[in-house]
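In what follows, a single structure is set out as structure tokens and then discussed.
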Amino acid sequence: DTLRIDGLVSNFGNIILSNNATLDAANVFVNQSGATFAGAGTVLLTEFINQGTIAPGNSPDILIVNGDLDLDPTSILDFELGGTTPGPTGHDQIQVTGTATLDGTINGVLFGAFIPSNNDTFDIITCGVACVGAFATENLPANFTLANLGNIVQLTFQNLACAGTICWDNDSGDGLWTTLINWSTDILPIFSDDVVIDVIDAIPVLLNDGSTQTINSLSASEALTITNFSTLEIATDSLANNTLTLNSGTLDIDGVFTSVGNTSIASSVISGNGQLRTTGATSILNAATFQGADWNNAGTASWSNGLIRINDGATFTNEVTGVFNIDTTIFAQNIQTTSGVGNIVNQGSFNKNGTSSSTPVNVAIDNQGTVNVNLNTLTFSAGATNSGNLNINTNSGSGLQFSGGTVDLNAGTDLGGSTGGTIQFSGTSVTNINTPTTTEPSRNRRAPLIRLRRGSLGTKVPSRVRSSQRR
């Protein structure tokens, strides 16, 4: 539809141009101060003088000015940014067939649920002849800049908060680490790069093509998943502030990698000379292998399935604030060393909760905190050093078993529990009681039954232990 008006036309109120409609003003059209011209369609004229407000589009859309556009100092332009392409599914745009003279104020707002990515551009004004001048006032969303490129007035989004050498922008929207345009430089990070992932959206960063990616450091505020036999190698200290998922993947670290959010490990390897430090909730859902790299747990970790392998000098340290829950259900699920030497240091709470009849720990343990056997039997078969609490909260006949290696009960050892289960020394264990060891009952505490079978007992006998020795 076309409306033609001859002569000088001035608007003192509100005009809304419907989609595909045409206003034929023939000569000069003046949008007066306080007036609003809005909508999408075409204006035919020689000159559009704006002293009021132009709001192109119908949330959003394109307004065509067939002629010149003069923006006076009182002029206001309002643009909505809902995507990177002009039109109904993207952003507002004014197309000027002649010359656009810029002045006044420009306002930009994000529209709908749109989240821009690094280096996104928005051509908000195009000029058939030239775009000249500049806006006196720019009111734009955070991290947007405006440039007059001669025939285009363009907005650019750049996340200036990126502190690395390369940043994640997920321009493709697929969330894949190996998609080139998902990075601020449109190339993949390399061994010298400090990688920053700080674009928060519903799509986690996914490394899943089976490749090995090598970087210097990582700071990730978005969820990260390494899967499908892919490997991420990191040379220096790094931080994951969101969910870290390892599912049939490898994390190779030579610094301290701190995972603050939830950590999930299934059929995966943590290798290198560094340390994985978990401070949130950690789930071992299937086999987890620590191949040279240490694991420090300062949060709450739950082991429910598969094997935990501590190999080649790796140490699992359950820190003072750490809680390690053994929630396994079958005997075959155990902690073991299959290559080199492994160690466990417990400074926090080490709990046997799962329904498996016995959970074997085939790695030497140094308990400085508390071991709680809450269900069935926990077996240490590779030796133990203890200066902490051993609490047996199970019924008679189950509890804590030392079945191999050397067992040293040192200063600070306290044997107790709530139900009076059994602590048994058997097999090839050599038990050295190096200091008086307490196992005294009280109102809320029962002393465990202590048994020595097929082993030997050191010569320094505790003064407050009542035990039965059977051979």
Side-chain angles (χ1 to χ4, degrees), residues 115-121 142-143 156-265 268-280 282 290-296:
I115 299 174
S117 298
N118 225 28
N119 297 318
D120 276 353
T121 58
N143 299 320
T156 300
F157 175 80
Q158 188 172 31
N159 190 347
L160 302 178
C162 176
T165 60
I166 187 170
C167 302
W168 176 260
D169 55 31
N170 196 28
D171 273 356
S172 75
D174 64 13
L176 297 180
W177 181 289
T178 51
T179 299
L180 300 183
I181 63 171
N182 285 344
W183 299 100
S184 57
T185 56
D186 289 344
I187 59 174
L188 293 183
I190 59 174
F191 69 95
S192 59
D193 277 321
D194 297 314
V195 175
V196 175
I197 301 175
D198 59 358
V199 176
I200 308 299
D201 54 34
I203 302 175
V205 180
L206 182 62
L207 177 56
N208 70 343
D209 69 338
S211 67
T212 296
Q213 302 296 320
T214 304
I215 60 177
N216 185 57
S217 70
L218 175 68
S219 177
S221 299
E222 176 60 283
L224 172 64
T225 297
I226 303 171
T227 188
N228 197 29
F229 307 103
S230 304
T231 299
L232 180 60
E233 297 178 342
I234 308 177
T236 61
D237 292 356
S238 296
L239 177 66
N241 274 315
N242 207 311
T243 300
L244 172 66
T245 301
L246 303 176
N247 187 359
S248 299
T250 297
L251 178 64
D252 187 275
I253 47 179
D254 284 333
V256 177
F257 187 105
T258 302
S259 179
V260 176
N262 295 336
T263 303
S264 176
I265 304 175
S268 294
V269 176
I270 297 89
S271 60
N273 298 310
Q275 176 195 113
L276 173 64
R277 186 169 189 265
T278 54
T279 63
T282 300
F290 295 88
Q291 200 76 31
D294 297 332
W295 175 25
N296 277 46

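Below, all heavy atoms of this structure are taken into account, side chains as well, without hydrogens, waters or symmetry copies. Since we're looking at a predicted model, the values are computed, not measured.
The structure places OG of Ser217 at 10.5 Å from CG of Leu239, a figure rounded to the nearest 0.5 Å. Rounding to the nearest 0.5 Å gives a distance of 7.5 Å between CG of Leu276 and OG1 of Thr282. Here OG of Ser264 is found 8.5 Å from CG of Leu244. Values are rounded to the nearest 0.5 Å. Distance OG/Ser248 to CD1/Ile226: 12.0 Å, rounded to 0.5 Å. Distance check, rounded to the nearest 0.5 Å: CD1 of Ile187 to CD1 of Ile166 gives 5.5 Å. The structure places CG of Asp252 at 12.0 Å from CZ of Phe257, a figure rounded to the nearest 0.5 Å.
Minimum heavy-atom separation, Cys167 to Gly164: SG-N, 4.5 Å. The shortest heavy-atom contact between Ile215 and Pro189 is CG2-CB, 3.7 Å. Listed here is the closest heavy atom pair of Ser230 and Gly210: OG-N, 2.8 Å.
Listed by first and then second residue, the side-chain hydrogen bond (donor to acceptor under 3.5 Å, both in side chains) pairs involving residues 207-216 are Asp194-Asn216, Asp209-Ser211, Ser211-Gln213, Thr214-Glu233 (not counting sequence neighbours). Screening residues 169-190 for ring pair (Phe, Tyr, Trp, His ring centres under 6.0 Å), with sequence neighbours left out, gives Trp168-Trp183, Trp177-Trp183.
At least one side-chain heavy atom of Thr178 sits under 4.5 Å from a side-chain heavy atom of Leu207. No side-chain heavy atom of Thr243 sits under 4.5 Å from any side-chain heavy atom of Thr225. The closest side-chain heavy-atom distance from Ile197 to Asn242 is not below 4.5 Å. Side-chain contact check for Asn182 versus Asp174: some heavy-atom pair is nearer than 4.5 Å. Residues Leu180 and Leu188 meet the side-chain proximity criterion, which asks for heavy atoms closer than 4.5 Å. Looking at heavy atoms from C-beta onward, Asn170 lies in side-chain contact with Ser172 at the 4.5 angstrom threshold. By the 4.5 Å heavy-atom criterion applied to side chains, Asp237 and Thr258 are not counted as neighbours. Counting only heavy atoms from C-beta outward, the side chains of Ile265 and Ile270 approach each other to under 4.5 Å.
Judged purely by atom type and a 3.5 angstrom limit, Thr236 has no side-chain atom pairing as donor or acceptor with the backbone of Ile234. Side-chain atoms of Ser268 come within 3.5 Å of backbone atoms of Leu246 as a donor-acceptor pair (strictly under, hydrogens ignored). Panel note: side chain Thr227, backbone Asn247; a donor-acceptor pair is recorded below 3.5 Å.
Contacts of Ser192 classified as side chain to side chain contact (heavy atoms under 4.5 Å, CB included), with partners at least two apart in sequence or in another chain: Ile190.
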Derivation and outcome, side chain to side chain contact (heavy atoms under 4.5 Å, CB included), residues Ile181 and Thr179:
CA-CA 6 Å; Ile181 63 171; Thr179 299; 4.0 Å; yes
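Side-chain contact, Ser184 with Asp169: no donor N or O sits under 3.5 Å from an acceptor N or O.
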